[in-house]
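Contents: one structure, followed by commentary.
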Number of protein chains: 2
Amino acid sequence: MIQSLNEHNREDLQEALGKGGQKLTPQREVVFAVLLAQRDHPTVDEVFNRARESMPGLSLATVYNCLETFVGCGLVRQVNHERESTRYCPNLAPHAHFRDKETGQVHDIELPPEVMKSLRSILPPGFDSEVIEISFLGRTKANDPLHSN
Amino acid sequence: MIQSLNEHNREDLQEALGKGGQKLTPQREVVFAVLLAQRDHPTVDEVFNRARESMPGLSLATVYNCLETFVGCGLVRQVNHERESTRYCPNLAPHAHFRDKETGQVHDIELPPEVMKSLRSILPPGFDSEVIEISFLGRTKANDPLHSN
DNA sequence: TTAAAGAGTTAGAATGAGTCTAAACTGCAA
DNA sequence: TTGCAGTTTAGACTCATTCTAACTCTTTAA
């Protein structure tokens, strides 16, 4: 069982929430701690189960609410693959997602600025994009622990 | 009302279905014709409603079945944006999708081979990708009719 | 020409992720 | 201390999709 934030992370959370006009609550703290503790792109259900270990009364609706709030404040990203359950990711650096066909695991893939640039360059004039989502589907041969997040 | 394929398209459909061990049926023909007639990335429901104009007895389940068959035979691609209804696209050339935040419309964006290559190059060793999905979210300023598919 | 088999279609029931609602709770401010 | 705005909660609800079982159609085999 994990589930308490160090000062640094708590301050970050509080600040980001504040900017979005939201408050730091015990539930939000626990949910955020869950996301930071295990960066494996959990589903809402997975977050719920992990968070309940340290806060048994927590409700599923609250987990949905917390995650939505975090997305609104730019603290986490939603990750969708086809129509599977939405997953959540606290990695704010620009990155793509690689989904292992066999294990279902999702891995972050760093996105160098020049690749972002070449992607933006394919948009015809008049197309103005705020968000670019890139996802790979395939297999990972070596189960390289360095890239298992 | 649209809904009959010219010889050429019917032959293509029949051939692709055959390769996947599937047959050409009247329902599949109508559903495929709907996809070709209006390349606006319709949802299953939209396909269903359009197809029923020429085949009133058609059932929703069949539309789901047909589209699944087409995807299996490589005839159409599924397009997912967040958790909205899946949309279908008969454009087989490599392309990304641009979703207009305001209208919800989906536009195809051509993907030059060098961009595909630079994307593949960001995968660390051991990551082997079969499918890459790229989607932009944003606004289209000029409603340029050349790019409205 | 019938019979059996196999594929495809159909309507409606079931599933399940996500959203909504209304009541209860919390913390701060008058 | 009362009020109230924001938050949490349980459970009902929605709706895209999947499942099921019956039915139809076509093909093959006797």
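What you are looking at is a predicted structure, and each value in this text was computed from that prediction instead of being measured.
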ask   = Between atom CD in A:Gln78 and atom C1' in C:dT19, what is the gap in whole Å?
value = 13 Å
Between P of C:dG18 and CG of B:Asn80, the distance in whole Å = 13 Å
query = Within the structure shown, what part of the strands sits under 4.0 Å from B:Thr86 by heavy-atom distance: base, sugar-phosphate, or nothing?
reply = sugar-phosphate
message = Are more than 12 heavy atoms, taken from residues, nucleotides or ligands other than A:Glu7, located less than 6.0 Å from that residue's CD atom?
response = no
ask   = Atom CD in A:Glu46, atom CZ in A:Arg50: separation rounded to 0.5 Å?
value = 5.5 Å
message = How many whole angstroms separate atom CZ of A:Arg52 from atom P of D:dA10?
response = 9 Å
remark   = Ranking D:dA16, C:dT10, C:dA17 by distance to the side chain of A:Tyr64, first place goes to C:dA17
query = Closer to the 5' end of DNA chain D via nearest nucleotide, is it A:Arg83 or A:Val63?
reply = A:Val63
message = Distance check needed: D:dT17 P versus B:Phe48 CZ, whole Å only.
response = 14 Å
note = Separation of C:dC28 atom P from A:Lys23 atom NZ, nearest Å, is 8 Å
ask   = Which of these nucleotides, C:dG12, C:dT9, C:dC20, is closest to any side-chain atom of B:Ala61?
value = C:dG12
task = Please work out if A:Leu60 contacts a base, only the sugar-phosphate, or nothing of the nucleic acid, heavy-atom cut-off 4.0 Å.
result = nothing
task = Give one of base, sugar-phosphate or nothing for A:Asp45, where a contact means two heavy atoms less than 4.0 Å apart.
result = nothing
message = Does D:dT7 have its OP1 or OP2 closer than 4.0 Å to a side-chain nitrogen or oxygen of A:Arg28?
response = yes
ask   = Would a 4.5 Å heavy-atom cut-off, applied to side chains only, mark B:His81 and B:His41 as touching?
value = no
inquiry  = Just verifying a value: how many Å separate B:Ile122 CD1 and A:Met116 CE, rounded to the nearest 0.5 Å?
reply    = 10.0 Å
inquiry  = OP1 or OP2 of D:dT7 versus the side-chain N and O atoms of A:Thr62: is any pair under 4.0 Å?
reply    = no
remark   = From the candidates C:dC20, C:dT9, D:dA16, the one with an atom nearest any side-chain atom of B:Thr25 is C:dT9
key: Rounded distance in Å - CG (A:Leu67) to P (C:dT19)   = 11 Å
ask   = Does B:Ser85 put a side-chain nitrogen or oxygen below 4.0 Å from OP1 or OP2 of D:dC15?
value = no
query = Does B:Gln22 put a side-chain nitrogen or oxygen below 4.0 Å from OP1 or OP2 of C:dG8?
reply = yes
ask   = Starting at the 5' end of DNA chain C and moving along, which residue's nearest nucleotide shows up first, B:Pro26 or A:Thr43?
value = B:Pro26
inquiry  = So, applying side chain to side chain contact (heavy atoms under 4.5 Å, CB included) with A:Leu17, which one of A:Lys23, A:Glu29, A:Gln22 is it?
reply    = A:Gln22
remark   = A:Arg87 CZ to C:dG18 C1', in whole Å, measures 16 Å
request  = Take the protein atom CD of B:Glu68 and the nucleotide atom C1' of D:dT17, then report the distance between them rounded to whole Å.
outcome  = 11 Å
